[in-house]
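Below is one structure, written out as C-alpha cells; the observations come after it.
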Amino acid sequence: MTEFTERVIAIIKSVPAGKVVTYGQVAAMAGSPRGARQVVRVLHALSMKHGLPWHRVINAKGEIGFPDSESREIQMMSLESEGIEVRNGKIDLAVYQLQAENLAE
DNA sequence: AGCTTGACTGTGG
DNA sequence: ACCACAGCCAAGC
C-alpha cells in the first residue's frame, strides 16, 4: 500500500454528498498531478473494500468515464439522489465539482 | 527486470 | 463538439 493510495482513499472519503471530484483532481491532491490513472486503479480496486463513494469521482469532462452501462446507471442515479443534476450522462463541473480548498490535505 | 494495460488529461486539428 | 496523439504512474504478467 503506497502513501499515494492511502491519500487517495482519505480524499475520496472526505468528498461530501452533492459534490464530485475528477480523477486528476484527486491525484493532484494526493501528491501526483499526473496520477489520475492510479486514482482510477485505487477506486475500482478498493472502493468495495473501503466502502468509498466512487460514484462521486468522474473524469475531467464531467462524465462517467466508464463503458459498463449497468454500473454507470447506478452511479448516475446515486448522484441525482444527492442533488447533482446529471443531464445526458454529463455533470456541470462548474457547479458540482468540489473545490480543493475544502478537502483534507 | 521489461512490456502491457487502464473508470485519465491536456493539447491540437 | 469529436477524434488522434502523447504523457504519466502503478499494478499485473
Side-chain angles (χ1 to χ4, degrees):
Chain A
M1 184 75 84
T2 65
E3 181 183 321
F4 175 79
T5 302
E6 294 180 49
R7 277 174 164 246
V8 171
I9 294 172
I11 293 170
I12 300 300
K13 286 168 62 177
S14 67
V15 179
K19 288 289 180 180
V20 297
V21 288
T22 67
Y23 301 104
Q25 185 183 357
V26 174
M29 291 186 288
S32 295
R34 309 301 171 191
R37 313 189 84 128
Q38 277 51 262
V39 174
V40 168
R41 181 187 314 287
V42 173
L43 239 102
H44 74 81
L46 306 178
S47 59
M48 292 181 284
K49 181 180 179 182
H50 288 258
L52 302 177
W54 56 273
H55 54 267
R56 295 183 194 140
V57 186
I58 60 181
N59 65 23
K61 297 170 188 151
E63 306 175 304
I64 299 172
F66 81 62
D68 182 359
S69 57
E70 286 186 66
S71 299
R72 58 183 275 175
E73 264 190 73
I74 296 175
Q75 175 163 19
M76 179 167 62
M77 178 180 66
S78 300
L79 294 173
E80 293 187 338
S81 68
E82 294 180 351
I84 298 174
E85 182 182 24
V86 182
R87 293 196 318 179
N88 195 28
K90 299 178 185 176
I91 298 169
D92 188 343
L93 289 177
V95 176
Y96 301 105
Q97 181 171 34
L98 180 65
Q99 299 307 303
E101 51 200 44
N102 298 328
L103 276 182
E105 299 156 33

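Chain letters run A, B, ... following the sequence lines, proteins first and then strands; every chain starts at 1.
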query: Hey, is the main chain of A:Lys90 close enough, under 3.5 Å, to the side chain of A:Asn88 for a donor-acceptor pair?
result: no

statement: Protein-proximity profile, nucleotides 8-13 of chain B, B/S/- by nucleotide at the 4.0 Å heavy-atom cutoff, equals BSS---

Protein N or O to nucleotides 11-13 of chain C N or O, pairs below 3.5 Å:
residue : atom : partner : partner atom : Å
C:dA11  : O4'  : A:Arg41 : NE           : 3.3
C:dA11  : O4'  : A:Arg41 : NH1          : 3.4

query: Rounded to the nearest Å, what distance is computed from the CE atom of residue A:Met76 to the P atom of nucleotide B:dA7?
result: 19 Å

- prompt: Nearest heavy-atom pair of A:Arg7 and A:Gly31: which atoms, and what distance?
  reply: NH1-N, 4.3 Å

- prompt: Within the distance-only criterion (no hydrogens, no angle test), does the side chain of A:Gln99 pair as donor or acceptor with the backbone N or O of A:Gln97 below 3.5 angstrom?
  reply: yes

task: Rounded off to whole Å, could you give me the NE2-to-P distance for the A:His44 and B:dG6 pair?
output: 9 Å

query: Can you check the A:Gln38 CD to C:dA10 P distance for me, whole Å?
result: 6 Å

- prompt: Are A:Phe66 and A:Val40 joined in one hydrophobic group, where the rule is that I, L, V, M, F, W and Y side chains link up if heavy atoms are under 4.5 Å apart?
  reply: yes

- line: Closest non-hydrogen atoms of A:His55 and A:Leu79, given as atom of the first, atom of the second and distance, are O-CD2, 3.1 Å

- request: Return the minimal non-hydrogen interatomic distance between A:Ile11 and A:Ala30, and the atom names on each side.
  value: CD1-N, 3.6 Å

query: Closest approach of A:Arg72 and A:Ile64, non-hydrogen atoms and distance?
result: O-CD1, 3.5 Å

Single-linkage hydrophobic cluster, 4.5 Å side-chain cutoff, A:Val95 and A:Ile58 together: yes

